[in-house]
2 protein chains.
Amino acid sequence: MRNRPIPEATVARLPIYLRALLEVAEGRGELTVSSEELAAMAGVNAAKVRKDLSYLGSYGTRGVGYDVEYLLYQITRELGLTQDWPAAIIGIGNLGRALASYKGFSERGFRISALFDVDEEVLGEQIGGLPIRHLDELKEAVVEEGISIGIIATPPMAAQEVAEKLVDAGVKSILNFAPSVVNVPPDVSVRKVDLSIELQILSFYQQRTQAIATAREANRRLAVQRKV
Amino acid sequence: MRNRPIPEATVARLPIYLRALLEVAEGRGELTVSSEELAAMAGVNAAKVRKDLSYLGSYGTRGVGYDVEYLLYQITRELGLTQDWPAAIIGIGNLGRALASYKGFSERGFRISALFDVDEEVLGEQIGGLPIRHLDELKEAVVEEGISIGIIATPPMAAQEVAEKLVDAGVKSILNFAPSVVNVPPDVSVRKVDLSIELQILSFYQQRTQAIATAREANRRLAVQRKV
DNA sequence: CGAAGTTTGTGATTGCGCTCACAAGCTTTA
DNA sequence: TAAAGCTTGTGAGCGCAATCACAAACTTCG
Ligand SMILES: NC(=O)c1ccc[n+]([C@@H]2O[C@H](COP(=O)([O-])OP(=O)(O)OC[C@H]3O[C@@H](n4cnc5c(N)ncnc54)[C@H](O)[C@@H]3O)[C@@H](O)[C@H]2O)c1
Ligand SMILES: NC(=O)c1ccc[n+]([C@@H]2O[C@H](COP(=O)([O-])OP(=O)(O)OC[C@H]3O[C@@H](n4cnc5c(N)ncnc54)[C@H](O)[C@@H]3O)[C@@H](O)[C@H]2O)c1
């Protein structure tokens, strides 16, 4: 089992377990944690927790649970969080600024180490000690700072072009906030965060339940009418 | 087929098709579009596009493709975007401000119609014409403004409490930006956007390919050594 | 009109992920 | 030491989603 490739769905949950484990470690000084407890904290099924963790190896003890510190270390290592991941943000507008001054990234070894834009107005401005540089300097900055992650926060029209510049500079991981599809070579990972899509999914389900409620209401009225 | 419930995976892709269709409609004045073209724009497989659209009904014409305007209308209707969805943002810090002044939401009928916080310092301040109100006023605002979506942008510790207040006020759809698990009754939908998790997934895959590259390199060196 | 060319709609197949259920293996207790 | 009690690790079964492949239905062309 432990030499099998880790399923994507599992990879996506490891960060959640990591967060739960940190909470356990910092909070009550418990040394071990059961899959049941972890499951409750992560909001998933206990069997899923066990199967997920079993892909990393047999790090639990039957009858006891998982050693918190040890499991923390193993997940951290598996996710590649024992090393530092310098990241660059491209497009320093509303969203880019919020991201640039967000403290939460550094907690897991992600360090924003360069900011880029093309607007003359903002070039040179400092945010959290970092100057906004021109996108033309991207390639040299990637090499100098060892940047491994590119965060795109430009308008959608510019996203593909910026992605290509990132790829050209050697960046293999991209997080895209612009609502547009970006195409990259197969050796590059792109993940997108699209708020508008999330809202549309919510409205789909809400509309659906509203429609059902309305239909029920109509039925009820018809029933009453028939009785009268 | 068209009376079957729409699979979740399909719902998540409809907004992407919608965006692609809008691009087709506005750009070149093409009246129809093929599944192949849509697939290319959405970055997915053509068969998937056809199957997805078939859940909405048979809106295409064989040998021709899909009528752009008609399909636009059908997807819009299915996603519930023919009506307005007033939303509230709770937690007006770095991220909340970026969201509050984002123009992109209104394009699809999402309207930010109230802002909430608990910090005395920011209460009363105006952002984009909206005042920041105290969280205690949430319930009355939800009723008055007909708010149907709650966007949580508070620190993680406050997220569960805020979610409960939203639920209590009657909100059935929640978008959570705080890195924490929130539990809600089964009739409420929660979607989460967690940037830190996205970065960790990226680092997992990047570390993995780096590890492979390093292993190859080591092998190569051993091979050279053996030859010498 | 008939044949060739397009493109949809969908049955069939395959693969992936979730859940269940339980043996294996540990701790505690007497 | 033996029995009872927990909790892990994982095989088996099931359902959802992706892909394939092709008949059906349309358009175009000769
Ligand atoms: N602000 C939000 O809350 C929010 C929410 C959801 C999605 N988004 C998306 O995030 C992206 C950024 O949003 P925003 O509100 O910060 O927009 P913004 O207009 O405030 O900022 C965009 C920035 O990108 C810069 N830019 C433009 N073209 C560029 C290029 N080719 N290279 C580098 N920089 C370039 C601009 O100069 C500007 O500073 C958009 O795609 C938007 O749709 C934003
Ligand atoms: N800023 C980012 O780019 C970013 C990125 C990823 C995730 N996040 C997450 O988004 C959330 C907000 O981030 P931020 O950077 O805007 O933080 P922030 O500290 O700038 O803002 C948080 C705001 O929430 C308010 N608040 C606190 N408790 C509250 C309560 N109980 N009810 C209502 N409001 C309350 C605070 O007064 C403050 O105004 C955090 O959970 C953060 O982890 C932010």
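Worth saying up front: this structure is predicted, and the values here are computed from it rather than measured. Note on naming: letters A, B, ... go to the chains in the order of the sequence lines (proteins, then strands), and numbering restarts at 1 for each one.
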If you count heavy atoms of other groups shown closer than 6.0 angstrom to [atom1] of [X], is the number above 12?
{"X": "E36(A)", "atom1": "CD", "result": "no"}
{"X": "E30(A)", "atom1": "CD", "result": "yes"}
{"X": "E8(B)", "atom1": "CD", "result": "no"}

So if I take every side-chain heavy atom of [X] and compare against [options], which nucleotide ends up nearest?
{"X": "A47(A)", "options": "dT8(C), dG9(C), dA21(C)", "answer": "dA21(C)"}
{"X": "T61(B)", "options": "dA17(D), dC26(D), dT10(C)", "answer": "dC26(D)"}
{"X": "R13(B)", "options": "dA25(D), dA18(D), dG9(D)", "answer": "dA18(D)"}
{"X": "V64(A)", "options": "dA17(D), dT27(C), dT8(C)", "answer": "dT27(C)"}
{"X": "K51(B)", "options": "dA12(D), dG9(D), dT10(C)", "answer": "dT10(C)"}
{"X": "R50(A)", "options": "dT8(D), dC22(D), dA25(D)", "answer": "dT8(D)"}
{"X": "P7(A)", "options": "dT7(C), dA17(D), dG17(C)", "answer": "dG17(C)"}
{"X": "K48(A)", "options": "dT19(C), dA18(D), dT7(C)", "answer": "dT19(C)"}

Under 4.0 angstrom between [X] side-chain N/O and [N] OP1 or OP2:
{"X": "R4(B)", "N": "dT10(C)", "answer": "no"}
{"X": "S35(A)", "N": "dT8(D)", "answer": "yes"}
{"X": "Y66(A)", "N": "dG9(D)", "answer": "yes"}
{"X": "N45(B)", "N": "dA17(D)", "answer": "no"}

For this session: Given side chain to side chain donor-acceptor pair (under 3.5 Å), test Y73(B) with E69(B) step by step and report yes or no.
Result: CA-CA 6 Å; Y73(B) 171 70; E69(B) 288 299 330; over 6 Å; no

Take atom [atom1] of [X] and atom [atom2] of [N], then tell me their distance rounded to the nearest Å.
{"X": "Y59(A)", "N": "dT8(D)", "atom1": "OH", "atom2": "C1'", "result": "15 Å"}
{"X": "D52(B)", "N": "dT8(C)", "atom1": "CG", "atom2": "P", "result": "13 Å"}
{"X": "E8(A)", "N": "dA18(D)", "atom1": "CD", "atom2": "C1'", "result": "13 Å"}
{"X": "Q74(A)", "N": "dG9(D)", "atom1": "CD", "atom2": "C1'", "result": "16 Å"}
{"X": "L53(B)", "N": "dT10(C)", "atom1": "CG", "atom2": "P", "result": "12 Å"}
{"X": "L56(A)", "N": "dT8(D)", "atom1": "CG", "atom2": "C1'", "result": "14 Å"}
{"X": "D67(A)", "N": "dT8(D)", "atom1": "CG", "atom2": "P", "result": "13 Å"}
{"X": "I6(A)", "N": "dC18(C)", "atom1": "CD1", "atom2": "P", "result": "14 Å"}

For this session: Look at the side chain of S148(B) and the backbone N and O of W85(B), then say whether any donor-acceptor pair between them is shorter than 3.5 Å.
Result: no

Exercise. Base, sugar-phosphate, or nothing: which does E36(A) touch, judged by heavy atoms less than 4.0 Å apart?
Worked result: nothing

Problem set entry | Carboxylate-amine/guanidinium proximity below 4.0 Å for R19(A) and E23(A) | no

Exercise. If each of R62(A) and T10(A) is mapped to the nucleotide of DNA chain C with the nearest heavy atom, which maps nearer the 5' terminus, i.e. the 5' end?
Worked result: T10(A)

